[in-house]
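Indexing begins at 1, ligand by ligand and atom by atom, following the structure's order. None of the values given here were measured: they were computed from a predicted structure. Just the heavy atoms: all of them, side chains too, but no hydrogens, waters or symmetry mates, feed the values below.
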Amino acid sequence: MQYETLHYDLTDGVALITLARPDVMNALNAQMRAELLHAVKRASGEARAVVLTGEGRAFCAGQDLGDTGNLNNINLERLLRDEYTPILLAIADCPVPVIAAVNGVAAGAGANLALACDVVIATESASFMQAFSRIGLMPDAGGTYVLPRKLGLARAMGLALFADKLSARDAADQGLIWEAVADDAFEDHWRARADHLASGPTQAFSRIKQAMRESLANGMEEQLMLEARLQGECGRTRDFREGVVAFLDKRPTKFEGR
Ligand code: T3D
């Protein structure tokens with residue numbers, strides 16, 4: 001697929017997906033949704049870490065409100081089911097870690113796209129906004145799934161009802177995202193984080209993702225059984241052997257992702 005609404009680059013195991021409609025703050029139109037789904041699936045098959053970021057001053061302003069078609073005859077259920085849900089599931093199912101490098105405002109479905117990623121690193125001047133109620137909607141694109149789980153019900157409810165902008169610093173302090181980084185250090189920082197993940201134990205990372213996500217629905221015993229099974233698989237990887245040998249040899253690890 002030739003991408004027109006995003007850039008895709010694979011370097012040293014890191015797939016960098018850059019949303020590229022800066023004139024509309026990288027708002028998602030139908031073409032961008034199709035290309036993003038393709039890019040995430042492509043990265044899942046060839047990268048050891050994925051970074052999703054935005055071009056210009058925004059990360060993503062959510063649905064392109066100029067691309068909604070006839071408002072009297074709009075089918076939002078179909079739009080969400082057929083075009084947004086596959087992207088969010090592709091990020092969850094991606095076998096390698098996905099970082100959202102939030103370079104500016106993330107609003108509406110753009111905020112929830114970022115929050116669907118495994119790690120969210122934001123620049124300090126970025127912000128997160130559940131903009132939906134400002135236009136008469138409720139949070140979608142996974143917002144009602146991730147917000148109560150990451151923040152608790154009280155803060156999730158407030159963000160959804162008031163649609164206030166939450167600064168990256170507050171988002172980090174409240175546990176909604178992993179970290180907020182000074183603007184002038186932001187790019188170097190997320191690149192270093194991505195390189196770290198891309199040279200790490202990919203098989204273990206994949207199982208960390210699976211176990212963390214399944215824990216949200218599992219009881220304790222089910223989760224302990226899952227951990228035992230997945231750790232058994234980790235124990236059969238080359239990277240586990242390398243990790244132990246490197247520790248005993250007092251040298252840095254050289255993980256191959258196998
Ligand atoms: O189809 C459906 O509607 C259902 C799906 C829903 C999922 C959703 O995501 S609903 C939520 C949609 N998003 C929003 O409501 C956010 C709308 N945008 C804003 O509130 C603000 O633009 C921001 C807070 C994100 C940024 O504000 P600011 O002051 O920094 O920038 P701005 O001047 O408002 O925007 C700059 C340009 O981007 C501007 O265009 P112009 O005037 O320079 O030609 C603006 O119209 C455009 N833009 C920003 N967001 C969108 C957009 N164009 C289309 N769609 C957008 N979402």
Side-chain angles (χ1 to χ4, degrees), residues 4-7 17-37 39-40 52-92 98 100-117 120-148 150-151 156-172 176-177 180 183 186:
E4 292 175 3
T5 64
L6 56 81
H7 306 302
I17 302 170
T18 307
L19 304 175
R21 303 184 70 224
D23 293 351
V24 287
M25 308 202 92
N26 303 317
L28 291 145
N29 62 6
Q31 184 178 357
M32 187 187 264
R33 287 191 289 277
E35 292 184 2
L36 181 56
L37 177 61
V40 171
L52 179 61
T53 192
E55 186 174 296
R57 70 184 178 94
F59 174 76
C60 175
Q63 168 69 27
D64 184 337
L65 296 175
D67 188 54
T68 47
N70 181 353
L71 290 176
N72 295 319
N73 191 24
I74 192 167
N75 187 341
L76 296 183
E77 182 177 352
R78 186 214 64 77
L79 178 73
L80 288 163
R81 198 186 49 224
D82 296 352
E83 299 189 27
Y84 280 94
T85 299
I87 299 169
L88 301 159
L89 292 179
I91 291 171
V98 182
V102 179
N103 53 299
V105 64
N112 295 336
L113 176 65
L115 297 175
C117 296
V120 185
I121 301 172
T123 194
E124 266 179 349
S125 59
S127 55
F128 297 81
M129 186 169 55
Q130 296 295 316
F132 305 87
S133 64
R134 294 188 181 202
I135 58 167
L137 294 179
M138 58 171 278
D140 61 24
T144 61
Y145 181 80
V146 295
L147 290 171
K150 293 189 180 191
L151 284 178
M157 197 70 91
L159 284 180
L161 292 175
F162 294 119
D164 286 349
K165 258 191 192 175
L166 183 69
S167 71
R169 172 58 48 212
D170 285 348
L176 182 62
I177 67 169
D183 288 22
F186 174 64

Any side-chain heavy-atom pair of D64 and R21 under 4.5 Å: yes

Side-chain donor or acceptor of N112 paired with backbone N/O of L115 under 3.5 Å: no

Which of the ligand 1 atoms, numbered from 1, are nearer than 4.0 Å to a heavy atom of G62: 9 (O)

Within-4.5 Å side-chain heavy-atom neighbours: Y84 and L28: yes

Under-4.0 Å heavy-atom contact between protein and atom 2 (C) of ligand 1: yes

Test of proximity, A131 against ligand 1: N or O pairs below 3.5 Å: no

Which residue and heavy atom of the protein sit nearest atom 31 (O) of ligand 1, plus the separation: R57 NH2, 3.1 Å

Distance-only N or O hit between ligand 1 and L137, under 3.5 Å: no

Contact check: I135 vs ligand 1, nitrogen or oxygen atoms, below 3.5 angstrom: no

Protein non-hydrogen atom found under 4.0 Å from atom 21 (C) of ligand 1: no

Nearest non-hydrogen partners of I177 and A122, listed with the distance: CD1-CB, 3.8 Å

Under-4.0 Å protein heavy-atom contact, atom 34 (O) of ligand 1: no

Side-chain donor-acceptor pair present, E35, T5, cut-off under 3.5 Å: yes

Option of least heavy-atom distance to atom 6 (C) of ligand 1 (set: N26, L28, D140): D140

L52: which of V120, T18, L6, L36 passes side chain to side chain contact (heavy atoms under 4.5 Å, CB included): L36

Distance flag for atom 10 (S) of ligand 1, protein heavy atom under 4.0 Å: yes

Step-by-step side chain to side chain contact (heavy atoms under 4.5 Å, CB included) determination, L147 to L176: CA-CA 8 Å; L147 290 171; L176 182 62; 3.9 Å; yes

Test item: protein heavy atom less than 4.0 Å from atom 50 (N) of ligand 1: yes

Under 4.0 Å to a heavy atom of F132 - the qualifying atoms of ligand 1, by number: 7 (C), 8 (C), 9 (O), 10 (S)

Residue pair D67 / Q31, side-chain heavy-atom distance below 4.5 Å: no

Mode of D23 contact toward ligand 1 - side chain, backbone, both, neither (heavy atoms, under 4.0 Å): backbone

Any E83 side-chain heavy atom under 4.5 Å of R78 side chain: yes

CZ-CG distance between F128 and D170, expressed to the nearest 0.5 angstrom: 11.0 Å

Option of least heavy-atom distance to atom 13 (N) of ligand 1 (set: S127, A61, C60): A61

Location of contacts on T68 toward ligand 1, heavy atoms closer than 4.0 Å: side chain

Contact with ligand 1 for M25, non-hydrogen, under 4.0 angstrom: yes

Closer than 4.0 Å: a protein non-hydrogen atom to atom 29 (O) of ligand 1: no

I91 and L113, any side-chain heavy atoms less than 4.5 Å apart: yes

Under 3.5 Å: N/O of K165 near N/O of ligand 1: no

Atom 44 (O) of ligand 1: any protein heavy atom closer than 4.0 Å: no

Atom indices of ligand 1, in the order listed, that fall short of 4.0 Å to a heavy atom of M129: 20 (O), 24 (C)

Exercise check, heavy-atom protein proximity under 4.0 Å to atom 41 (P) of ligand 1: no

